[in-house]
Amino acid sequence: MMYASTSARSGRGQRGPRRKRGGDRRTHRRLRDLCDEVLASYRVAQGEDYITAEDRKLAEQVLRGIGPRHG
C-alpha cells in the first residue's frame, strides 16, 4: 500500500503527548508545584524567610485540627 508523503506520515511527525486545547496552564498541578518550588528557592537564596506569617498561622490552625483532643 502506498501513502502520500505528508508531515503526518513522514519521519518528522509529532512526538509525545499533545496539549489539550483551551486548557488554562494555571490549573496544572505539577506546573504550579514547580513554580512554588522555584520561588521558594529564590527567596531562600536572597536570604528571605520563605514561610510567611500567614503560612505559619494556617499551619497552626491545621495542626490544632488534627492533634489529639484533651477533654
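Leu39 has its side chain within reach of Arg43: a pair of non-hydrogen atoms, C-beta onward, lies under 4.5 Å apart.
More than 12 heavy atoms of other residues, nucleotides or ligands lie within 6.0 Å of CD in Gln46, so this atom counts as buried by the packing criterion. Other residues, nucleotides and ligands contribute only 12 or fewer heavy atoms inside 6.0 Å of the CD atom of Glu37.
Follow the hydrophobic side-chain contacts under 4.5 Å out from Ile51 and you reach Val44 in the same cluster.
Within the model, atoms CG of Asp36 and CZ of Arg32 stand 8.5 Å from one another, a figure rounded to the nearest 0.5 Å. Taken to the nearest 0.5 Å, the CZ atom of Arg29 stands 11.0 Å off from the CG atom of Leu31. Taking NE2 of His28 as the start and CG of Leu34 as the end, the distance is 13.5 Å to the nearest 0.5 Å.
Judged by distance alone, with hydrogens and angles left aside, the side-chain atoms of Asp33 form no donor-acceptor pair with the main-chain N or O of Arg30 at under 3.5 Å.
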